[in-house]
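Report on one structure; see the data block that follows.
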Amino acid sequence: MTDPVLDVRGLQSEFRIAGRWYPAVRDFTLAVEANETVALVGESGSGKSATALSILRLLPAVGARIAKGSVMFAGQDLARLSEAEMIRLRGEAIAMIFQEPMTSLNPTMTVGAQIAEVIEIHRGSTRRSAMAEALRLLEEVRIPAARQRLNDYPHQFSGGMRQRVMIAMALACRPKLLLADEPTTALDVTIQGQVLALLNELKQSYGMSILFITHNLGVVAQMADRVAVMYAGEIVEFASVNKIFEQPSHPYTEVLLKAMPRVDRDSAGLEPITGQVPGITALPVGCAFAPRCPLRQPDCDRHPALAPLAAEADHVVRCVVRAGQEAAV
Amino acid sequence: MSDESAGGLAVRHLTKHFRLGGLLSGKRQVIQAVTDVSLDVPPGESVGLVGESGCGKSTVSRAILRLTEPDAGEVVFDGVDIRQASRAALRKLRQRLQFIFQDPYSSLNQRRSIRKTLEEPLRVHRLGTRAEIREKAEAAIAEVGLPLEALDRYPHEFSGGQRQRIGIARALVLNPELVVADEPVSALDVSVQAQILTLLDKLKAQRGLSFLFVSHDLGVVRHFCGSVCVMYLGRIVETGPTKEVLDAPAHPYTQLLRESSPVPDPTRRLTLIKNEGEIPSPADPPRGCAFHTRCPHRMPVCGERLPELKAQAPGRKVACHLFD
């Protein structure tokens with residue numbers, strides 16, 4: 001197997017609150033292989049967005065830091081690059097799309113000019129060829145009447161079309177890795193379907209890898225090859241998408257799936273999880289999920305490491321009760 | 001759905017168009033938010049109102065309680081037309097109809113303790129002595145699963161899920177018969193959403209409450225609502241028992257909505273074909289059937305004539321020329 005595109009090891013990111021540093025991401029180790037989609041799924045406060053910002057080095061300059069770990073990408077450790085080197089890399093080899101495209105687009109520039117600017121800066125193209133490439137990209141993300149829309153401003157586009165523009169811009173430099181943070185959360189469900197289908201298609205045609213961050217388990221099932229479930233800043237379970245949904249093994253993954261009402265079948269009764277996600281200033285000493293866990297045991301006072309399920313090296317859980325056992329069915 | 005539901009809510013031909021622009025502020029437009037919507041919520045039942053942004057589902061819910069004044073149509077609750085009611089009668093009715101909002105944070109007064117927030121409606125409606133009002137507020141907060149200490153705290157001290165519990169408590173203190181809930185769980189995480197849905201399930205069963213439940217999430221509606229109305233660009237395009245509508249959608253728009261809703265099962269990925277095109281603006285809806293511009297089954301008649309909402313099977317209605 002070739003080297004992974006992205007290889008994060010032991011990442012710990014911290015925020016300063018009232019003069020003390022608290023970890024928002026802890027012991028985060030994850031590799032994204034070539035042309036693979038890895039989903040990072042969790043609820044608010046799980047640390048999934050802080051992880052994305054750490055990888056891109058977009059954490060706020062003050063009050064936040066990467067305290068430990070390495071982020072290997074194309075032979076370099078992103079955690080140690082200078083800001084100037086990082087600027088070159090962002091938007092070139094690593095591209096990103098976010099939940100609200102309007103905040104990432106310049107409202108005073110036409111869409112065509114914004115895409116062309118990316119191409120000029122990163123590829124050194126002339127304005128003319130950059131505009132031609134911008135048109136090709138808008139057509140590729142299937143914006144109707146792309147030639148006319150090239151000269152429109154972002155506010156003239158609908159939410160779904162704006163996200164397509166962002167995707168076109170992300171593709172401009174043929175990135176190896178696309179980081180997508182809740183890219184369809186603000187969209188209506190029929191438009192979300194279109195954008196997800198488009199991303200899957202582009203992943204194939206561009207041969208890129210995607211790190212897909214979402215809170216929506218339905219979207220995960222649609223998009224991911226492998227899935228990392230996050231809770232309170234840590235990965236608590238990591239496996240192929242089929243394993244996660246067929247044999248969820250961390251108690252948190254299990255209850256999360258049972259708490260979700262499904263459109264395709266009747267739920268006898270939802271099983272809500274009591275309590276709330278702990279804040280980063282009040283993490284429990286042992287397993288972070290233990291206070292809410294139905295399987296809690298005395299051993300849970302020790303902090304568990306990610307460990308494989310019996311006979312399944314590629315299905316890991318952070319749970320002393322479940323690790324080493326047969327997968328739960 | 002029966003035509004006259006005694007005791008319940010009956011909405012007939014509800015229409016609300018917003019006029020924008022004018023002399024100084026640009027182009028005059030008419031947003032046709034809701035046109036000719038009729039629906040029933042029989043006592044003790046939960047009816048879902050689903051659709052995408054701009055379909056008019058929230059406007060329907062607000063117009064029912066006259067939070068926005070409808071242009072035309074009737075809203076009859078237990079035999080009284082809310083639009084014709086006198087001030088005194090409307091005040092009486094408002095006790096029996098309550099609203100739960102999507103964002104409890106913006107619907108709670110930041111400067112008022114939870115106790116004040118819960119007691120105020122009781123005072124306004126003069127429902128009891130000071131001691132009785134106090135007791136009712138305490139009963140309501142306990143019923144939604146919060147400790148009594150919560151009463152003396154302020155909205156910012158609570159999480160999103162707890163605030164939604166407070167929003168529900170405020171709706172409950174007046175002992176209503178019908179609750180109109182506009183996306184009550186959309187802003188919440190899955191685990192908290194399940195807690196709130198379980199609470200609403202309990203209230204439905206114990207108090208025999210009826211709900212008009214507005215949501216964009218078909219999974220939530222399947223869980224909570226016995227029947228459902230699907231809206232597209234201001235009109236109802238399909239109604240029927242929720243399970244039947246979702247398992248065998250008749251209207252091509254309902255089919256698209258159902259097929260686009262992601263299912264947590266990687267072996268059943270969306271195919272997502274035939275789905276191009278945007279939701280048209282309600283300021284300029286297409287002629288004929290509003291969905292014909294995106295419809296894979298479109299026929300010449302669809303661009304010319306509006307299809308009527310009519311019975312397609314027992315309990316089910318659909319507005320589509322395919323069923324003419």
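Quick caveat: nothing in here was measured; it's all calculated off a predicted structure. Here is the naming used below: chain letters follow the sequence lines, and residue numbers restart at 1 for every chain.
In this structure, CG in B:L246 is found 14.5 Å from CZ in A:R265, a value given to the nearest 0.5 Å. Separating the CD atom in B:E278 from the CZ atom in A:F157 is a distance of 10.0 Å, to the nearest 0.5 Å.
A:M260 is listed as a side-chain neighbour of B:P264, based on a closest heavy-atom distance under 4.5 Å. Contact check for A:D266 versus B:H223: no side-chain heavy atoms found under the 4.5 Å cut-off. Proximity of B:H216 to A:D188: side-chain heavy atoms (C-beta onward) are nowhere separated by under 4.5 Å. Using a 4.5 Å heavy-atom threshold, the side chains of B:R222 and A:P261 count as separate. Counting heavy atoms from C-beta outward, A:E246 and B:P266 have side chains that stay 4.5 Å or more apart. A:V189 is listed as a side-chain neighbour of B:P262, based on a closest heavy-atom distance under 4.5 Å. Side-chain contact between A:V241 and B:R269 is present, with at least one heavy-atom pair separated by less than 4.5 Å.
Other residues, nucleotides and ligands contribute more than 12 heavy atoms inside 6.0 Å of the CZ atom of A:R136. Under a cut-off of 6.0 angstrom, the local environment of NZ in B:K243 is sparse, with at most 12 non-hydrogen atoms contributed by other residues, nucleotides or ligands.
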Derivation and outcome, side chain to side chain contact (heavy atoms under 4.5 Å, CB included), residues B:S260 and A:Q192: CA-CA 8 Å; B:S260 305; A:Q192 163 171 286; over 6 Å; no
Criterion side chain to side chain contact (heavy atoms under 4.5 Å, CB included) on A:R262 and B:D265, from CA distance to verdict: CA-CA 10 Å; A:R262 295 178 61 145; B:D265 182 350; 3.9 Å; yes
Steps toward salt bridge (charged side-chain N to carboxylate O under 4.0 Å, His left out) verdict (A:D264, B:R258): CA-CA 9 Å; A:D264 59 333; B:R258 171 64 186 79; 5.3 Å; no
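Using a 4.5 Å cut-off between heavy atoms, B:L257 contacts chain A through both its backbone and its side chain. Of the two parts of B:S261, the backbone and the side chain both hold a non-hydrogen atom closer than 4.5 Å to a non-hydrogen atom of chain A. Contact of B:L197 with chain A is made through the side chain alone, with heavy-atom distances under 4.5 Å. Of the two parts of B:Q195, the backbone and the side chain both hold a non-hydrogen atom closer than 4.5 Å to a non-hydrogen atom of chain A.
Residues A:A259 and B:S191 approach most closely at CB-CA, 4.4 Å, considering heavy atoms. Between A:Q222 and B:V263, the closest heavy-atom pair is NE2-O, 3.2 Å.
For the options A:R292, A:H215, A:Q276, heavy-atom pairs under 4.5 Å to chain B are most numerous at A:Q276.
Side-chain N/O atoms of B:E52 and A:T190 include a donor and acceptor closer than 3.5 Å.
Of the possible donor and acceptor atoms, one in the side chain of B:D189 sits under 3.5 Å from a partner among the backbone N and O of A:S44.
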